[in-house]
Undergrad: 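My structure is below; once you've seen it, I'll send some questions.
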Protein chains: 2
Amino acid sequence: MRCLLIEDENKVADFVARGLRAERFAVDVARDGESGWDMASANDYDLVILDLMLPKLSGTEVLSRIRRKNTSVPILILTARDATAEKVRHFEAGADDYLTKPFAFAELLVRIKSLLRRGPVARENVLRVDGLELDRLTQQVKRDGRRIELTSKEYSLLEYLMSHPARVFSRTMIIEHVWDQSFEGLTNIVDVYIRHLRAKVDDPFPQKLIRTVRGVGYCITEEPGT
Amino acid sequence: MRCLLIEDENKVADFVARGLRAERFAVDVARDGESGWDMASANDYDLVILDLMLPKLSGTEVLSRIRRKNTSVPILILTARDATAEKVRHFEAGADDYLTKPFAFAELLVRIKSLLRRGPVARENVLRVDGLELDRLTQQVKRDGRRIELTSKEYSLLEYLMSHPARVFSRTMIIEHVWDQSFEGLTNIVDVYIRHLRAKVDDPFPQKLIRTVRGVGYCITEEPGT
DNA sequence: GCCGGCATTAAGGCTGCATTGACGGCAAAT
DNA sequence: ATTTGCCGTCAATGCAGCCTTAATGCCGGC
């Protein structure tokens with residue numbers, strides 16, 4: 001789950017970013033409207049959290065630019081308390097939800113989860129491939145009933161693969177969804193993490209689920225051939 | 001247990017806040033209706049104690065706003081007036097209990113405990129994880145029958161962790177539930193208190209119950225790795 | 001069979017998070 | 001006024017997880 005946070009107040013930005021990272025999100029932070037818009041248009045986010053009071057380019061402007069670009073990424077507006085008229089205006093401009101500062105992180109999280117769930121493709125809370133099971137709520141992974149401990153990166157990678165079983169993901173797509181911007185350059189980082197996953201998820205079992213598609217990428221599936 | 005007290009009379013506010021803190025509640029105090037409403041909407045309380053005679057925004061108004069927001073937090077009304085008609089009106093507006101001033105602190109406490117007990121999820125009075133036992137009534141903690149002395153903060157933290165065994169709590173969530181509003185900014189206070197708890201709860205025993213989930217948070221569980 | 005390129009894997013350095021002990025401030029108790 | 005104990009801060013240390021690098025293995029084309 002990759003997410004963009006556009007917020008100029010350091011305290012709020014750090015607070016939210018830290019909380020989301022603990023929830024295993026890959027979080028990019030933009031400190032003003034301009035770079036926020038740049039990043040939103042350059043990358044493919046699963047969620048945008050947008051403050052309205054921003055230097056350089058107002059949040060309202062960023063919102064309408066993103067929508068003009070016709071992307072359907074969920075956008076959650078974050079702002080100081082203000083008039084309901086404003087609220088309606090922003091909903092019409094394409095915001096999906098609205099939260100006034102100050103807010104409790106728990107509430108933000110609830111709203112985010114609900115936003116992600118009601119996407120175009122219904123988001124399952126439990127993903128299953130053969131005996132492998134990933135619970136998005138508790139973030140626990142099991143295979144044949146036995147718990148498997150994963151690090152944050154390993155978990156995010158597995159979640160991404162399992163979000164579309166049998167679909168082949170290229171290394172580029174994987175990097176764009178699982179890693180955040182702090183990452184650049186072409187390395188074999190994906191291959192390495194596939195290795196880590198295999199060590200925990202496939203190695204102890206006879207049936208291998210993670211498949212390499214030469215020249216293309218990786219996918220997760222129960223059928224060996226296909 | 002986090003609780004919001006909305007009361008403008010300093011004497012009463014201090015009296016109640018002190019009493020509740022002695023009972024190990026994390027107490028936020030609002031001195032007028034407006035900030036009371038702000039805080040109620042911003043945070044996630046387990047209980048709200050509301051005076052009716054308030055500057056800026058009446059308690060009645062605060063009550064109906066909270067209910068309009070559709071939260072089910074228990075609300076206890078606190079007021080000088082004793083008219084039965086008023087009382088009924090407020091019950092209809094969503095109050096859960098009603099206490100007229102002056103009152104004995106002991107009585108307030110009894111009503112609070114009964115309110116908390118009849119929450120949507122039946123509240124267990126004794127929490128257990130392996131040999132560790134926390135009694136919410138006497139606020140005593142034992143492990144393998146031996147009493148463990150905890151300070152208020154340590155107790156609150158342990159209670160929170162034990163309220164959902166095996167669930168991982170992020171530092172952000174822990175701060176929101178165990179500390180009160182006076183707290184903000186990024187510190188390692190949670191880590192420090194986890195240390196204190198471990199010193200008393202885990203260090204003297206071979207089986208460790210408090211587990212760190214790196215990059216995410218902490219949880220309490222009997223299973224070590226699995 | 002040979003070669004080039006891609007995939008796999010092991011090993012290691014680095015970074016930042018987690019851990020821990022010590023310290024000063026504060027409030028309650030004596 | 002002094003003491004005691006709790007709270008929150010800070011900084012030193014250690015270590016886990018992240019990413020890189022490079023050696024090796026495998027596959028397909030010629």
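Quick note: numbers below take in every heavy atom, side chains included, and nothing from hydrogens, waters or symmetry partners. Residue numbers start from 1 in every chain, and the chains themselves are labelled A, B, ... in the order their sequence lines are given, proteins ahead of strands.
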Undergrad: What is the distance, rounded to the nearest whole Å, between atom CG of B/L197 and atom P of D/dC6?
TA: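 In whole Å, D/dC6 P and B/L197 CG are 13 Å from each other.
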Undergrad: What is the distance from NZ of B/K200 to P of D/dG5, rounded to the nearest Å?
TA: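 Result: 11 Å.
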Undergrad: Write down the distance between CD1 (B/I175) and P (D/dC7), rounded to a whole number of angstrom.
TA: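 Rounding to the nearest Å, CD1 of B/I175 and P of D/dC7 are 15 Å apart.
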Undergrad: Residues in salt bridge (Lys or Arg N to Asp or Glu O under 4.0 Å) with A/R136, at least two apart?
TA: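 Listed in chain order: A/E159.
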Undergrad: Considering only NZ, NE, NH1 and NH2 on the basic side and carboxylate oxygens on the acidic side, decide whether A/K142 and A/D135 come within less than 4.0 Å.
TA: no
Undergrad: Send over the distance from A/I189 CD1 to D/dA22 C1', rounded to a whole Å.
TA: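 It is 15 Å, rounded to the nearest whole Å.
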Undergrad: Under 4.0 Å: is that the gap between some side-chain N or O of B/T151 and OP1 or OP2 of D/dG5?
TA: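 No, B/T151 has no side-chain N/O under 4.0 Å of OP1/OP2 on D/dG5.
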Undergrad: Return the orientation label for the A/Y160 and A/F169 ring planes: parallel under 30°, perpendicular over 60°, tilted otherwise.
TA: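 A/Y160 vs A/F169 ring planes: tilted.
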Undergrad: Take the protein atom CZ of B/R211 and the nucleotide atom C1' of D/dA16, then report the distance between them rounded to whole Å.
TA: 15 Å
Undergrad: At less than 4.0 Å, is any side-chain N or O atom of B/W179 found next to OP1 or OP2 of D/dC7? Yes or no.
TA: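 Answer no for this pair, as no side-chain N or O of B/W179 is under 4.0 Å from OP1 or OP2.
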Undergrad: Residues of residues 11-25 of chain B with any non-hydrogen atom less than 4.0 angstrom from an atom of DNA chain C: list those, numerically ordered, please.
TA: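 Close to the strand, none.
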Undergrad: Take atom OH of B/Y193 and atom C1' of D/dG5, then tell me their distance rounded to the nearest Å.
TA: 11 Å
Undergrad: Take nucleotides 4-16 of chain C nucleotide by nucleotide from the 5' end and write B, S or -, depending on whether a protein heavy atom sits under 4.0 Å from the base, only from the sugar-phosphate, or from neither.
TA: -BBSBBS-----B
Undergrad: State whether a side-chain donor-acceptor pair under 3.5 Å links A/D38 with A/S35.
TA: no
Undergrad: Under the ring-ring contact (aromatic ring centres under 6.0 Å, His included) rule, collect the residues that match up with B/F25, sequence neighbours excluded.
TA: none
Undergrad: Does a side-chain N or O of A/T187 approach OP1 or OP2 of D/dC19 to a distance below 4.0 Å, or not?
TA: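 Answer no for this pair, as no side-chain N or O of A/T187 is under 4.0 Å from OP1 or OP2.
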Undergrad: Using 4.0 Å as the upper bound for N to carboxylate O, is an ion pair formed by A/E7 and A/R31?
TA: no
Undergrad: Name all residues meeting the salt bridge (Lys or Arg N to Asp or Glu O under 4.0 Å) criterion together with A/R214; count only those two or more places apart in sequence or in a different chain, and write none if there are none.
TA: none
Undergrad: Can you confirm if the NZ or CZ of B/R143 lies within 45° of the ring axis of B/F205 and under 6.0 Å from the centre of its six-membered ring?
TA: yes
Undergrad: Taking only residues two or more places apart in sequence or in another chain, which ones pass salt bridge (Lys or Arg N to Asp or Glu O under 4.0 Å) with A/R18?
TA: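 By the salt bridge (Lys or Arg N to Asp or Glu O under 4.0 Å) rule, A/R18 matches no residue at all.
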Undergrad: Write down the distance between OH (B/Y155) and P (D/dC7), rounded to a whole number of angstrom.
TA: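 Computing the B/Y155:OH to D/dC7:P distance gives 14 Å.
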